[in-house]
Colleague: 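The structure is given below, and queries will be raised subsequently.
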Amino acid sequence: MKKLAELYAQSWKEMRHLRTMTTSAMFMAISVVLGYFTIEAGPYLKIGLGSVANQFVYYLFGPVTGMFYAGILDILKFAAKPTGAFFPGFTLIAMLGAMIYGTVLYRRPITFGRVLFAKLLVALICNVLLNTWCLSFMYGKGMAVLIGPRLLKNLIMWPVDSVIFFVIVKKLEDLGFVKTIRNLRTARRIQQ
């Protein structure tokens, strides 16, 4: 429990740095642009790559910074490209997903198993259960009607999304991108 508290404290400290905010804003812009290339496979199923940029922020800056990022991004994406009515439950669920990703991935070596685990938790808790409940509440359809296709879509996309994120992060680590971002934050602390 102490390690978890330290993890959240470190992520909170990350958020106080201007470079963290500017880097997050850059990834937010990338996510919004990638969101325009989302494939809508029906009214309740969407497939896109915007989540890769988001997961990278959660990996780099942790659960606390990730939760603020996810909340702001959810509202920003709705303002940029509204699809249906705004429902605050989706914003809270996005923040919960960021917290889960950040808790599992932040300050830990990136492994495929860890990425699979984080993605599975978010897929089942946030995407299948909570988002389906919100859709059921908003549109008056029973959860039993909505949960089947959403569960199938998330189980199919779980390994695909995991592989995409893992490969991209490993490539960015190999190219030195992750180390450069971390060094920028360290250099800032040394100057203070």
Side-chain angles (χ1 to χ4, degrees), residues 20-61 65-102 104-105 110 112 114-116 118-132 134-135 138-139 146-175 177-178 180-181:
T20 299
M21 293 295 104
T22 55
T23 304
S24 297
M26 178 190 68
F27 281 106
M28 197 175 287
I30 291 169
S31 180
V32 169
V33 170
L34 288 175
Y36 284 108
F37 301 104
T38 299
I39 300 167
E40 294 190 25
Y44 308 112
L45 298 176
K46 297 177 185 176
I47 301 168
L49 291 175
S51 63
V52 173
N54 304 339
Q55 292 167 13
F56 196 68
V57 170
Y58 312 146
Y59 164 66
L60 282 176
F61 306 122
T65 303
M67 285 174 31
F68 282 100
Y69 170 89
I72 292 167
L73 178 63
D74 188 71
I75 294 167
L76 182 65
K77 277 188 171 182
F78 180 79
K81 184 181 176 188
T83 54
F86 179 76
F87 187 68
F90 292 125
T91 303
L92 295 174
I93 294 167
M95 293 172 75
L96 174 64
M99 185 184 79
I100 293 169
Y101 278 123
V104 174
L105 300 175
I110 194 85
F112 186 61
R114 185 167 282 132
V115 172
L116 275 173
K119 188 69 182 164
L120 181 64
L121 283 177
V122 171
L124 293 178
I125 295 169
C126 298
N127 300 349
V128 174
L129 293 176
L130 296 175
N131 279 344
T132 304
C134 285
L135 288 169
M138 283 179 64
Y139 296 113
L146 298 174
I147 205 161
R150 293 181 59 77
L151 178 63
L152 180 63
K153 179 250 181 186
N154 277 278
L155 288 177
I156 290 169
M157 293 306 295
W158 166 50
V160 174
D161 288 343
S162 298
V163 167
I164 290 169
F165 177 69
F166 180 74
V167 168
I168 289 172
V169 168
K170 287 307 272 182
K171 186 53 88 177
L172 291 174
E173 280 185 343
D174 292 345
L175 294 172
F177 185 73
V178 174
T180 301
I181 290 174

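Quantities reported herein were computed from a predicted structural model and do not represent experimental measurements.
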Colleague: Starting at CG of Leu34, measure out to CZ of Phe37 and round the result to the nearest 0.5 Å.
Modeller: 7.5 Å
Colleague: Which pair of heavy atoms, one from Leu116 and one from Pro159, lies closest together, and at what distance?
Modeller: CD2-CA, 4.3 Å
Colleague: How long is the gap from CG on Leu146 to OG1 on Thr132, to the nearest 0.5 Å?
Modeller: 6.5 Å
Colleague: Within a strict 4.5 Å, meaning less than it, do heavy atoms of the Thr23 and Phe61 side chains meet?
Modeller: yes
Colleague: What do you reckon, is CZ of Phe68 surrounded by more than 12 foreign heavy atoms closer than 6.0 Å?
Modeller: no
Colleague: Begin from the C-alpha positions of Thr65 and Met21 and carry the test side-chain contact (heavy atoms from CB on, under 4.5 Å) through to its verdict.
Modeller: CA-CA 9 Å; Thr65 303; Met21 293 295 104; 4.2 Å; yes
Colleague: Where the side chain of Ser31 meets the backbone of Gly50, is there a donor-acceptor pair that is under 3.5 Å apart?
Modeller: yes
Colleague: Would Phe86 and Ile75 count as a side-chain contact (heavy atoms from CB on, under 4.5 Å) if you check the C-alpha gap in whole Å, the side-chain angles of each, and the deciding distance to 0.1 Å?
Modeller: CA-CA 9 Å; Phe86 179 76; Ile75 294 167; 4.2 Å; yes
Colleague: Tell me, do Phe56 and Val178 make a side-chain contact under 4.5 Å, heavy atoms counted?
Modeller: yes
Colleague: Which atom names give the shortest non-hydrogen contact between Ile93 and Cys134, and what distance separates them?
Modeller: CD1-SG, 3.5 Å
Colleague: Rounded to the nearest 0.5 Å, how far does CG of Leu96 lie from CD1 of Ile125?
Modeller: 7.0 Å
Colleague: Identify each donor-acceptor pair in which a side-chain atom of residues 162-173 lies under 3.5 Å from a protein atom, sequence neighbours left out, and give them as a table.
Modeller:
| unit_1 | atom_1 | unit_2 | atom_2 | d |
| --- | --- | --- | --- | --- |
| Ser162 | OG | Trp158 | O | 2.7 |
| Glu173 | OE2 | Tyr59 | OH | 2.4 |

Colleague: Would you check if the side chain of Asp74 reaches a backbone N or O of Ala70 as a donor-acceptor pair within less than 3.5 Å?
Modeller: no
Colleague: State, with a plain yes or no, whether a side-chain heavy atom of Val104 is found less than 4.5 Å away from one of Tyr58.
Modeller: no
Colleague: For Tyr69 and Phe27: C-alpha separation, side-chain torsions, deciding distance, then whether side-chain contact (heavy atoms from CB on, under 4.5 Å) applies.
Modeller: CA-CA 10 Å; Tyr69 170 89; Phe27 281 106; 4.0 Å; yes
Colleague: Hey, mind stepping through Leu124 and Leu129 against side-chain contact (heavy atoms from CB on, under 4.5 Å) and telling me if it holds?
Modeller: CA-CA 6 Å; Leu124 293 178; Leu129 293 176; 5.7 Å; no
Colleague: Distance from Leu73 atom CG to Met95 atom CE, nearest 0.5 Å?
Modeller: 11.5 Å
Colleague: Would you say the side-chain atoms of Ser24 pair up with the backbone N or O of Thr20, donor to acceptor, closer than 3.5 Å?
Modeller: yes
Colleague: Indicate the atoms forming the closest heavy-atom contact of Ala79 with Pro82, along with that distance.
Modeller: O-CD, 4.0 Å
Colleague: Could you give the distance from CD1 (Ile100) to CG (Leu121), rounded to the nearest 0.5 Å?
Modeller: 6.0 Å
Colleague: Lys119 versus Tyr101: any side-chain heavy-atom pair under 4.5 Å?
Modeller: yes
Colleague: CD1/Ile156 to CG/Asp161 distance, rounded to the nearest 0.5 angstrom?
Modeller: 11.5 Å
Colleague: Can a donor-acceptor pair be found, under 3.5 Å and without considering hydrogens, that links the side chain of Arg114 to the backbone of Leu105?
Modeller: no
Colleague: Could you work out, with side-chain hydrogen bond (donor to acceptor under 3.5 Å, both in side chains) as the rule, every residue matching Ser51, not counting sequence neighbours?
Modeller: none
Colleague: Looking at every non-hydrogen atom in both residues, tell me the closest pair between Gly97 and Val122 and how far apart they are.
Modeller: O-CG2, 3.7 Å
Colleague: Any idea which heavy atoms bring Val128 and Arg150 closest together, and the distance?
Modeller: CG2-O, 4.1 Å
